[in-house]
Protein chains: 2
Amino acid sequence: MRIAVLGTGSVGRTISARAAELGHQVTIGTRDVAATLAGDYAAWTAEHPEVGLATQADAAAGAELVVNATSGSGSLPALTAAGAANLAGKVLLDIANPLDFSAGFPPTLTVQDTDSLAEQIQREFPQAKVVKSLNTLTAELMVRPRQLADGAHSVFVSGDDAEAKRIVTGLLVSFGHTDVIDLGDLSTARGTEMLMPLWLRLYGRLGTADFNFKVVR
Amino acid sequence: MRIAVLGTGSVGRTISARAAELGHQVTIGTRDVAATLAGDYAAWTAEHPEVGLATQADAAAGAELVVNATSGSGSLPALTAAGAANLAGKVLLDIANPLDFSAGFPPTLTVQDTDSLAEQIQREFPQAKVVKSLNTLTAELMVRPRQLADGAHSVFVSGDDAEAKRIVTGLLVSFGHTDVIDLGDLSTARGTEMLMPLWLRLYGRLGTADFNFKVVR
């Protein structure tokens, strides 16, 4: 697949490198290509020449699947820069969490309970096929789940489009996920986004991000 | 221990029967003893003569540990009826969730993100030693966790008083819990209460309440 990953941070890089490793054609989207290359991205891209870099609009325009790997507050601006026309009809895998760190740790949520970031994105880009997933675990485990307990833990998908969820589920399975739970429509993303406060406290308690939830049943 | 369980519903009954089975002296607290005995509680109490029934105030007065097994909306009224003096200095195990079903399913939360029901209770009854726990799984698994995957799943405790958490943890272990995670102070209850939206969607998706989260690490 041709995949655009919006977000040049560690999450975007981790997903991009793994997707490229699996044979996908990956382009990272950024606000400003020159500025990104002037930062620590330069060293990373030297080690990952197989991953392209382009503006958010160019990256999205050429992609079949777009990954929102920006921060919660950066999501709508990044997607707006990518452009509604470049997202129309495409799978938009939203892995962001609506965290507000402005008051320190632990962060609060900018949206919760009766709405979610995923739904905000879907409303803003009604022609995109938004699927929420991967937002409940650390980046390395998103793409290499077998590194923890040989993959014996769970990941969730939420979305209104069955075919888009099927495509995302296929990508997750290719990453190594063994327990992909389809929660239902996109409003179920409220539940996974609201898992963040517990995740963050566990992170503090366990002293590592290398953990995940398993739905034992 | 002498334990008061506030709440005559299925959760309160399940906890009471199990605690009594383990040798504790258990009294269920209710608003109106006569009214409770006039309902379906009569058949239950006939099968569980070892569990006492009293007003919330009388039940709490005689207890060392008080369990809040009421609904979220019923919690503060029930505890107020129990009386601050009867809760002072005691472990108050809060297992309720602040669910609002007034708009149908799925329910929303009456408090979240920057506050929690557990903290509301603690503020209202500052002399009680509030410990949040058991609110993340179905009643039968609260008290018989070994029925699912031989207990290979997790339960959380949150609270400001270390000794109270130690007492609650001991009770949980006696129920059969093998992975009791102390999240930290009572504000960490926000995380477990906010797990409810995901729990409820999983309940709908799996078609059973017989599941639980395991923190794989």
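Just so it is clear: chains get the letters A, B, ... in the order the sequence lines come, proteins before strands, and each one is counted from 1.
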Applying a strict 4.5 Å limit to non-hydrogen atoms, the region of B/L148 in contact with chain A is side chain
Okay, A/R205 and chain B: the region with an atom under 4.5 Å from a heavy atom over there is side chain
Bottom line for A/S154: the part with an atom under 4.5 Å from chain B's heavy atoms is neither
So, the part of A/L109 with a heavy atom under 4.5 Å from chain B: the answer is both
Per-residue tally against chain B (heavy atom, under 4.5 Å) across A/G204, A/S187, A/A149 peaks at A/S187
Scanning both residues in full, the closest heavy-atom pair of B/L117 with B/V111 reads N-CG1, 3.5 Å
So, the part of A/L200 with a heavy atom under 4.5 Å from chain B: the answer is neither
Tested for side-chain contact (heavy atoms from CB on, under 4.5 Å) against B/L186, the lone hit among B/V131, B/V130, B/D94 is B/V130
Cut-off 4.5 Å, heavy atoms of chain B, and the answer for A/A103 is neither
Looking at A/D210, is its backbone amide N or carbonyl O close enough to the side chain of A/T208 to form a donor-acceptor pair, meaning the two atoms are under 3.5 Å apart?
yes
Worksheet item: Got a donor-acceptor contact below 3.5 angstrom from the B/K165 side chain to the B/G159 backbone?
Response: yes
Looking at A/W199 versus A/F211, is the centre-to-centre ring distance below 6.0 Å? yes
Answer key: most heavy-atom pairs under 4.5 Å with chain B among A/D113, A/L202, A/L183 is A/D113
Scored by heavy-atom pairs under 4.5 Å with chain A, the best of B/T192, B/D182, B/L195, B/I181 is B/D182
When the 4.5 angstrom heavy-atom criterion is applied to B/A189 and chain A, the contacting part is neither
Taking B/N212's backbone N and O only, do any of them form a donor-acceptor pair with A/R217's side chain (distance below 3.5 Å, no angle check)?
no
**Prompt:** Is A/E193 salt-bridged to A/K132, going by a charged N under 4.0 Å from an acidic O?
**Reply:** yes
